[in-house]
Visitor: 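Just passing along the structure, written as structure tokens.
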Amino acid sequence: MSLLSSSSGLAVLRNRNLAFYLSSRFLGTLAVQMQSVAVGWQVYQITGSLFDLGLIGLAQFAPFLVLILWAGHVADRHDRRKIIVLCMLTQLLVSALLLAFTASGSKVVWPVFAVLVLFGSARAFMMPASQAVLRNLVPDKDFGQAVALGSSTFHVAVITGPVLGGLLYVFGPTTVYMVSAGLLLIATVLMASTKSAPQVRSTAPASWHTLLEGLRFVRSRPIVLGAISLDLFAVLFGGATALLPAYAHDVLHAGPTALGWLRTAPGAGAALCSILLAFVPLRRHVGAWMFGGVAVFGLATLTLGWTSDFTVALVALFLLGAGDMVSVYVRHLLVQYETPDEIRGRVSAVNAVFIGASNELGEFESGVTAGWFGLTRAILLGGAATLVVSGVWALLFPVLSKMDRFPHHKEEAKKA
């Protein structure tokens, strides 16, 4: 498979607005990841309840699910850059409220859940705006590299954030919340300093018809529907990473240090793969690359279920993350290239719903199947199901599996 020659390397970062955007997103993600570690530890120290740890995730996901379609509509009617700035300011307020809660010495945790509902609401509005605004920051010729760089910086923040949060928690949750607030303040200033190209804004009034425009568009485009639904079902059945604590303890007979390495491996694979894609973006046979990434994801999951060797498991998880990154990269470019600017926010919101559902439901599905069939059998079944989904989707969406070029690249080829 041929790749686009990349003599320019990271020259795309000469774009001031893209550099500010990526820096802002990196610092914001780093702060959120650090904060999530502190919240989990703090709540568990206060209550000692595993159920309360589950409520942390629910408090953030419930408002996201309720608001996400409305958030997509807002992203199409208003300045996406300003929406992101407001969401970051809200996240900064969340850090300040958590800091105040800690300083109060309260042993009642419901205020924490209330604050996390506010955070989940901000995340709902930020996600579609953040995905859609990238097309307004860079020229079409640089968009592929911008997506890859955005993914790599995001995954680096996801990898390092929990580690830094854990280290800073030695000095107490107050320290973590203060540092997170400082990072979010810098991220907000950087995002406010960016300038995006004028977006094509929707002028239709808010209604169920306009809110569901993104869903109708996805349904009407087999390429977009196939790409989004492939990711949904592949991750839904292949969510073995949720079982890693039990896998490390029961299969590898290892401790928390080994679990930390296992949790880091998928992110490391995704980060390195995205860096590679920034230098050599995919140019041809993009459909085959996407399905190949899903197949690698499934095979890596099967290997994880088969092995009891720590090194093999680590490599399998690394490849799992890399395969998933290829699929995510192709899907994101397809969705953005195929979507008109005036509905890009609403389509990005639909994409966000699929991503959130696959992650949340995938963890639930893995837990249920592990309870029914056992840990290793559940992982093996998940890997096999992912491969089956890949094969079935290749038959259901031949226009996707046989796609040679991205839509934008087809237009470039015709002009050449």
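Please read all numbers here as calculations on a predicted model, not as lab measurements.
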Visitor: Which is it for Val115 and Leu93 under the side chain to side chain contact (heavy atoms under 4.5 Å, CB included) test, yes or no, and what are the steps along the way?
Guide: CA-CA 9 Å; Val115 170; Leu93 175 62; over 6 Å; no
Visitor: Could you report the tightest heavy-atom contact between Met403 and Ile223, atom names first, then the distance?
Guide: CE-CD1, 3.0 Å
Visitor: Can you tell me how far the OG atom of Ser121 sits from the CD atom of Gln60, to the nearest 0.5 Å?
Guide: 10.5 Å
Visitor: Show every donor-acceptor pair shorter than 3.5 Å between a side-chain atom in residues 305-326 and any protein atom, with sequence neighbours excluded, or say none if there are none.
Guide:
{"unit_1": "Thr307", "atom_1": "OG1", "unit_2": "Asp309", "atom_2": "N", "d": "3.0"}
{"unit_1": "Asp309", "atom_1": "OD2", "unit_2": "Thr311", "atom_2": "N", "d": "3.0"}
{"unit_1": "Asp309", "atom_1": "OD2", "unit_2": "Val312", "atom_2": "N", "d": "3.0"}

Visitor: Can a cation-pi geometry be assigned to Arg16 and Phe20, taking NZ or CZ under 6.0 Å from the six-membered ring centre and within 45° of the ring axis?
Guide: yes
Visitor: Could you report the tightest heavy-atom contact between Leu92 and Ala181, atom names first, then the distance?
Guide: CD1-O, 3.2 Å
Visitor: Is any side-chain heavy atom of Val112 less than 4.5 Å from a side-chain heavy atom of Phe101?
Guide: yes
Visitor: Roughly how far apart are Tyr177 OH and Thr102 OG1, rounded to 0.5 Å?
Guide: 4.5 Å
Visitor: Would you check, one step at a time, whether the test side chain to side chain contact (heavy atoms under 4.5 Å, CB included) holds for Val224 with Leu334?
Guide: CA-CA 7 Å; Val224 177; Leu334 282 175; 5.8 Å; no
Visitor: Between the side chain of Thr386 and the main-chain N/O of Gly298, is any donor-acceptor distance below 3.5 Å?
Guide: no
Visitor: Using side-chain heavy atoms (C-beta onward) and a distance below 4.5 Å, is Ser130 in contact with Tyr21?
Guide: yes
Visitor: Looking at Ser36 and Gln33, would you say the former's side chain and the latter's main chain have a donor-acceptor pair under 3.5 Å?
Guide: yes
Visitor: With Thr90, which residues qualify under side-chain hydrogen bond (donor to acceptor under 3.5 Å, both in side chains), at least two apart?
Guide: none
Visitor: Under a 4.5 Å cut-off applied to non-hydrogen side-chain atoms, are Met88 and Val85 in contact?
Guide: no
Visitor: Identify the two heavy atoms, one from Phe125 and one from Cys87, that lie closest to each other, and give their separation to 0.1 Å.
Guide: CB-SG, 3.7 Å
Visitor: Return the CD1 to CZ distance between Ile343 and Phe217, rounded to the nearest 0.5 Å.
Guide: 4.5 Å
Visitor: Measure from the side-chain N and O atoms of Arg25 to the backbone N and O of Gly150, and report whether any donor-acceptor pair falls under 3.5 Å.
Guide: yes
Visitor: On a heavy-atom basis, which atom in Arg81 and which in Val133 lie closest, and how many Å separate them?
Guide: N-CG2, 4.2 Å
Visitor: Any chance you could measure Ile84, atom CD1, to Met126, atom CE, to the nearest 0.5 Å?
Guide: 6.0 Å
Visitor: For the CG atom of Leu137 and the CZ atom of Arg80, what is their distance to the nearest 0.5 Å?
Guide: 10.5 Å
Visitor: Could you walk me through whether Tyr329 and Leu282 pass the side chain to side chain contact (heavy atoms under 4.5 Å, CB included) test, one step at a time?
Guide: CA-CA 9 Å; Tyr329 172 84; Leu282 300 180; 4.0 Å; yes
Visitor: Within a strict 4.5 Å, meaning less than it, do heavy atoms of the Val94 and Ser180 side chains meet?
Guide: no
Visitor: Rounded to the nearest 0.5 Å, how far apart are CG of Leu381 and OG1 of Thr301?
Guide: 12.0 Å
Visitor: Find out whether Ser95 and Leu184 are in side-chain contact, i.e. whether some heavy atom of one side chain is under 4.5 Å from a heavy atom of the other.
Guide: yes
Visitor: Can you see which heavy atom on Val176 is nearest to which on Ala38, and at what distance?
Guide: CG1-CB, 3.6 Å
Visitor: Side chains of Thr376 and Tyr247 only: does a donor on one sit below 3.5 Å from an acceptor on the other?
Guide: no
Visitor: Listed by chain and number, what are the side-chain hydrogen bond (donor to acceptor under 3.5 Å, both in side chains) partners of Ser327, not counting sequence neighbours?
Guide: none
Visitor: Yes or no on side chain to side chain contact (heavy atoms under 4.5 Å, CB included) for Arg331 and Val328, after CA distance, side-chain angles and deciding distance?
Guide: CA-CA 5 Å; Arg331 185 193 74 238; Val328 167; 3.9 Å; yes
Visitor: Side chains of Pro128 and Ile68: does their closest heavy-atom pair fall under 4.5 Å?
Guide: yes
Visitor: Does some side-chain heavy atom of Val294 sit less than 4.5 Å from a side-chain heavy atom of Val389?
Guide: no
Visitor: Any side-chain donor-acceptor pair under 3.5 Å between Trp393 and Ser229?
Guide: yes
Visitor: For Met34 and Leu183, work out which heavy atoms get closest and say how close.
Guide: SD-CD1, 3.9 Å
Visitor: Under a 4.5 Å cut-off applied to non-hydrogen side-chain atoms, are Trp372 and Arg377 in contact?
Guide: no
